[in-house]
2 protein chains.
Amino acid sequence: MTHNELGWEETLWDAGYRVTRQRALVLDAVCAGDGHTAFGDIHLRVKQADASIDRSTVYRALRLFVDLGLVLSAETGGEETFYEVARPEPHHHLVCRVCGSEWEIDAAALQAMFDEVEARHGFAVATDHLVLFGACAMCRTNARSV
Amino acid sequence: MTHNELGWEETLWDAGYRVTRQRALVLDAVCAGDGHTAFGDIHLRVKQADASIDRSTVYRALRLFVDLGLVLSAETGGEETFYEVARPEPHHHLVCRVCGSEWEIDAAALQAMFDEVEARHGFAVATDHLVLFGACAMCRTNARSV
DNA sequence: CCATCTCCTGCAAATGTTTGCAATAAACCG
DNA sequence: CGGTTTATTGCAAACATTTGCAGGAGATGG
């Protein structure tokens, strides 16, 4: 997947921003990740495509993409920030704090929670990309058998 | 509230760490916040208590406290990290992306979600401090009346 | 109390991220 | 197409955070 399939130009123009070659390469670098790409990986890919692109440009493009919702950032609890391209259907992550494994779950799993918050507090939750930490089934089974 | 009321020494010793004067001052600085304190505020308070304490010591103490669960850190979506002292009862935050207001909600509100994830995925969610973004009742009412 | 172990600190350097500025370039209009 | 506007970039500097190291100090045991 590359940036061509994303309709990203319209998003930028609509928001008053410009479409640049550098930004396309940054977006491609995010697309080339497995969905969870650290800044260092993105920067390396951009550099390989065009060594003249400055690190600050990569930071800026990423920041803009996140602000515009083209890219999702996931803070992993004080650790490194991961980036992934926003997809039509929202999803969330489960990260095992024991073995480090990670899963995606669709948004339906958490919709009941959001509905509950809205009913109780009148607050419409917009957050559509959560990272939840805990213990996976495998690690819980192993812990139990010790 | 100061560090004396927290039983923090046992937590450190149990984990194989030491209780130091500097760490007590850092914890006090977090306690002195309104529950949501930026690094700069913490550092300033520590400096006022003892100007000889180095910035890196404050970073390290905070990192250790967060790792040990004595202090909670809240990433506010690409913005500044806020710190607060961990309380016995878990809670979460709702932040309005329109007006910036913030509320705390108790963990019961989200428990159904966690139970759902466990039933569906066998994953025991340990995350007990979420920051959810969206639109508050007031801003939604204003938007509707425009 | 003293000796020992080793975690912890301050300091300086290294690394990561953001910002200011002048030049570049995208976008628009005639 | 050319001129104009202004967003964007590369570069360097500033700022934020982390890391390495030697000396300091907390904790333990005799």
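The figures here come from the full heavy-atom set of this structure, side chains too, leaving out hydrogens, waters and symmetry mates. This one's a predicted model, so the numbers in the text were calculated from it and none came from an experiment. Throughout, a chain's letter reflects where its sequence line sits, starting with A, and its residues are numbered from 1.
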Subject >> Upstream residue (5' side of DNA chain D) when B:Ser56 and A:Asp50 are each assigned their closest nucleotide >> reply: A:Asp50
Check the distance between [N]'s [atom2] and [X]'s [atom1] and give it to me in whole angstrom.
X	N	atom1	atom2	answer
A:Leu12	D:dA7	CG	C1'	11 Å
B:Asp14	C:dC7	CG	C1'	16 Å
A:Arg60	D:dA12	CZ	P	14 Å
B:Leu27	C:dC8	CG	P	15 Å
A:Arg63	D:dA7	CZ	C1'	17 Å
A:Leu62	D:dT9	CG	P	12 Å
A:Leu64	C:dT19	CG	P	14 Å
B:Tyr83	D:dA16	OH	P	14 Å

Original post:
Can you tell me if CZ on B:Phe39 sees more than 12 non-hydrogen neighbours from other groups inside 6.0 Å?
Top reply: yes
Original post:
Are B:Val95 and A:Met113 joined in one hydrophobic group, where the rule is that I, L, V, M, F, W and Y side chains link up if heavy atoms are under 4.5 Å apart?
Top reply: no
Residues [X] and [Y] bridged, charged N to O under 4.0 Å:
X	Y	result
A:Arg18	A:Glu9	no
B:Asp28	B:Arg45	no
A:Arg140	B:Glu118	yes

Each nucleotide N or O in nucleotides 14-17 of chain C that has a protein N or O under 3.5 Å away: list the pair and distance.
| from | atom 1 | to | atom 2 | distance (Å) |
| --- | --- | --- | --- | --- |
| C:dT17 | OP2 | A:Tyr59 | OH | 2.3 |
| C:dT17 | O5' | A:Tyr59 | OH | 2.9 |

Subject >> Heavy-atom closest contact (B:Cys139 atom, B:Cys96 atom, distance) >> reply: SG-SG, 3.7 Å
Original post:
What about B:Arg21: does its side chain form a donor-acceptor pair under 3.5 Å with the base of D:dG24?
Top reply: no
Subject >> Close side-chain approach of B:Val66 to B:Leu72, heavy-atom, < 4.5 Å >> reply: no
Report, one pair per line, the protein and nucleotides 27-30 of chain D atoms (nitrogen or oxygen only) whose separation is under 3.5 Å.
| from | atom 1 | to | atom 2 | distance (Å) |
| --- | --- | --- | --- | --- |
| D:dA27 | OP1 | B:Trp13 | NE1 | 2.6 |
| D:dA27 | OP1 | B:Val19 | N | 3.3 |

Original post:
Taking B:His92 for the side chain and B:Leu130 for the main chain, is one N or O donor matched with an acceptor at less than 3.5 Å?
Top reply: yes
Subject >> Short side-chain N/O contact to C:dC8 OP1/OP2 from B:Arg23, under 4.0 Å >> reply: yes
Subject >> Step-by-step side-chain contact (heavy atoms from CB on, under 4.5 Å) determination, A:Tyr17 to A:Leu68 >> reply: CA-CA 10 Å; A:Tyr17 296 107; A:Leu68 293 181; 4.1 Å; yes
